[in-house]
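The structure appears below as structure tokens.
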Amino acid sequence: MFDTVIKGGTIYSPEGIFVGDIGITGETIQEINEGGNLEGTTIIDATGKCVFPGFIDPHVHIHLPFMGTNAIDDHASATKAALVGGTTTIIEMICPGPDDEPADAFAEWKTLAEEGACSDYSFHLAVVRFDDIAKKQLRELVSNEGVQSFKIFLAYKGALDIGDENLFELMQLCVELGVVLTAHCENAEAIDLMQKKLLAEGKTGPEWHEPSRPICVEADGVNHLCAFAELTGASIYIVHTSCGIAIDRAIEARSRGVDVTVEAVAPHLVLDKTYAERADFEGAKFVMSPPLRDKVEHDALWNGLASGAVSTIGTDHAPFSFREQKTMGTDAFTLIPNGIPSIQERIDLVHTFGVCTGKIDLQTMVDTCSSNVAKNFSMYPRKGALAVGSDADVVVYDTEFVGIFKHEDGLSNIDYSGFEGLERRGRADTVLLRGKIVAEQGMFVGRAGAGNYISR
Ligand code: URP
Ligand code: ZN
Ligand code: ZN
């Protein structure tokens with residue numbers, strides 16, 4: 001007799017896809033039975049539904065001091081939203097300022113997450129400062145705290161970007177420590193020059209954000225990062241890739257032997273640059289970096305996911321309120337805090353716009369939104385798999401659900417939805433985190449602070 005049995009669903013396991021039962025005791029999957037005859041104290045009827053491993057978001061910002069303000073979610077609000085949408089583990093970016101010590105930043109972010117997180121969580125640690133103190137602390141955080149990935153920004157000149165000398169040495173350190181280097185790839189200098197040019201021409205609205213950092217600027221950033229990885233042998237992970245030529249640059253590097261992984265994020269897969277051109281400053285809701293692109297880039301991303309060129313789908317959840325925060329940039333698009341939140345919507349967006357349109361299949365959705373993330377970031381098979389011994393993070397998913405994306409359904413603190421009014425197909429019916437039901441049909445039923453830190 002198990003504590004909980006999930007009965008009769010179509011199970012997506014590493015062994016294959018089949019109808020059966022999952023038996024859970026405590027926090028762990030104890031048995032998976034094709035056909036199904038397991039007995040449990042609690043029974044979750046999954047007949048007619050899909051049963052997926054808990055989804056993992058590889059790219060989330062919650063505590064984010066950025067562009068003169070701070071993102072509006074806290075760990076409780078963001079992870080409630082994540083869980084309701086089927087995401088049971090997040091990897092948050094720790095983004096300290098250039099004067100902050102990495103150890104202090106890690107402690108600050110971890111304390112906030114311990115207090116509030118309802119889902120499990122891990123961290124990528126951004127390297128903005130790289131002096132001797134920082135280098136020593138980075139080593140200690142890897143060996144003592146299970147940090148397994150760093151983050152760098154090639155963009156955001158003068159705020160978060162890291163020079164080439166530091167980039168080279170940091171990559172050498174990553175090789176020595178066995179750490180993956182995740183990177184925001186855009187040429188910071190080119191953006192700075194374009195922003196100044198456009199503003200001088202009186203082009204101040206949100207619609208000028210994309211022209212200030214077109215696809216060649218992103219491709220250049222990817223190429224630059226790949227060249228340094230080729231020189232140093234570092235394993236790199238390119239976050240929020242928005243366009244075909246950026247993917248091409250990464251794939252060319254891969255063919256030369258560079259260990260490069262490419263991430264897409266939900267907004268780039270669904271929204272295009274016309275959203276940022278909306279009148280009356282509404283376009284500001286859709287300002288993120290890299291920017292929303294031309295519609296043709298959607299196909300490049302979906303094709304990349306289908307072929308394996310692109311391995312993961314995250315959100316880059318970075319919520320700034322429209323009314324109070326996005327309006328900081330009414331006089332200049334360069335002052336609009338960058339970000340389009342989607343932590344709650346990610347899986348349903350991928351299902352609606354990727355699976356239901358035939359661009360990818362459900363197995364690819366599971367791989368890119370869960371298993372591949374766990375594999376890339378040293379959590380597999382504890383996370384990212386329905387397998388005996390894995391954490392019982394399970395999503396019973398209703399592929400037949402039909403609805404509309406609405407801000408009023410959101411649990412994030414954000415005051416708008418970038419996906420308002422779009423058709424929605426699919427919903428996480430029941431979500432379990434380490435054996436406990438935490439969300440049911442759009443309602444959060446878990447507990448703030450119940451999330452665990454995943455040391456990797
Ligand atoms: O627009 C974005 N992406 N905001 C969050 C910060 C970052 O660059 O990831
Ligand atoms: Zn970024
Ligand atoms: Zn980001």
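Heavy-atom basis, side chains included; hydrogens, waters and symmetry copies ignored. Counting convention: from 1, in listed order, for ligands and their atoms alike.
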> Of the backbone atoms (N, CA, C, O) and the side-chain heavy atoms from C-beta on, which set of Asn338 has a member under 4.0 Å from an atom of ligand 1: side chain, backbone, both, or neither?
Replying inline: both
> Out of the N/O/S atoms in His184, what is the name of the one closest to the Zn ion (ligand 2)?
Replying inline: ND1
>> Quick check on salt bridge (Lys or Arg N to Asp or Glu O under 4.0 Å): which of Arg249, Arg213, Arg293 does Glu218 satisfy it with?
In response: Arg293
>> I need the atoms of ligand 1 closer than 4.0 Å to a non-hydrogen atom of Asp316, numbered in the order shown.
In response: 2 (C), 3 (N), 5 (C), 9 (O)
>> Which residue is it: Ser390, Pro14, Pro53? I am looking for the one with a side chain to side chain contact (heavy atoms under 4.5 Å, CB included) to Tyr380.
In response: Pro14
>> Under 6.0 Å from the ring centre and within 45 degrees of the ring axis: does the NZ or CZ of Lys326 meet both conditions for the six-membered ring of Phe320?
In response: no
> Can we call the ring centroids of Tyr397 and His351 under 6.0 Å apart?
Replying inline: yes
> Any idea which atoms of ligand 1 are less than 4.0 Å away from a heavy-atom of Tyr156?
Replying inline: 2 (C), 6 (C), 7 (C), 8 (O)
> What N/O/S atom of Asp316 is the closest to the Zn ion (ligand 3)?
Replying inline: OD1
> Quick one: which ligand 1 atoms are inside 4.0 Å of a heavy atom on Met288?
Replying inline: 1 (O)
> Side chain or backbone of Met93 under 4.0 Å from ligand 1, or both, or neither, by non-hydrogen atoms?
Replying inline: neither
>> Show the atoms of ligand 1 that are less than 4.0 angstrom away from any heavy atom in His59.
In response: 9 (O)
> Are any of the side-chain nitrogens in Asp100 or Arg129 under 4.0 Å away from the carboxylate oxygens of its partner?
Replying inline: no
>> Students should be able to answer this: which protein heavy-atom is nearest to atom 1 (O) of ligand 1, and at what distance?
In response: Ser289 N, 2.8 Å
> Are Lys196 and Asp192 ion-paired here, with the side-chain N under 4.0 Å from a carboxylate O?
Replying inline: yes
> Does the N or O separation between His184 and ligand 1 drop below 3.5 Å for any pair?
Replying inline: yes
> In terms of atom number and element, which parts of ligand 1 are under 4.0 angstrom from non-hydrogen atoms of Gly339?
Replying inline: 1 (O)
>> Applying ring pair (Phe, Tyr, Trp, His ring centres under 6.0 Å) to His63 and His75, what does each step give before you reach the verdict?
In response: CA-CA 8 Å; His63 178 49; His75 285 81; 7.3 Å; no
> For the residue pair Ala428 and Val395, what are the closest heavy atoms and their distance?
Replying inline: CB-CG1, 3.9 Å
> Taking the Zn ion (ligand 3) as the vertex, how big is the angle to NE2 in His61 and NE2 in His59, rounded to 10°?
Replying inline: 110°
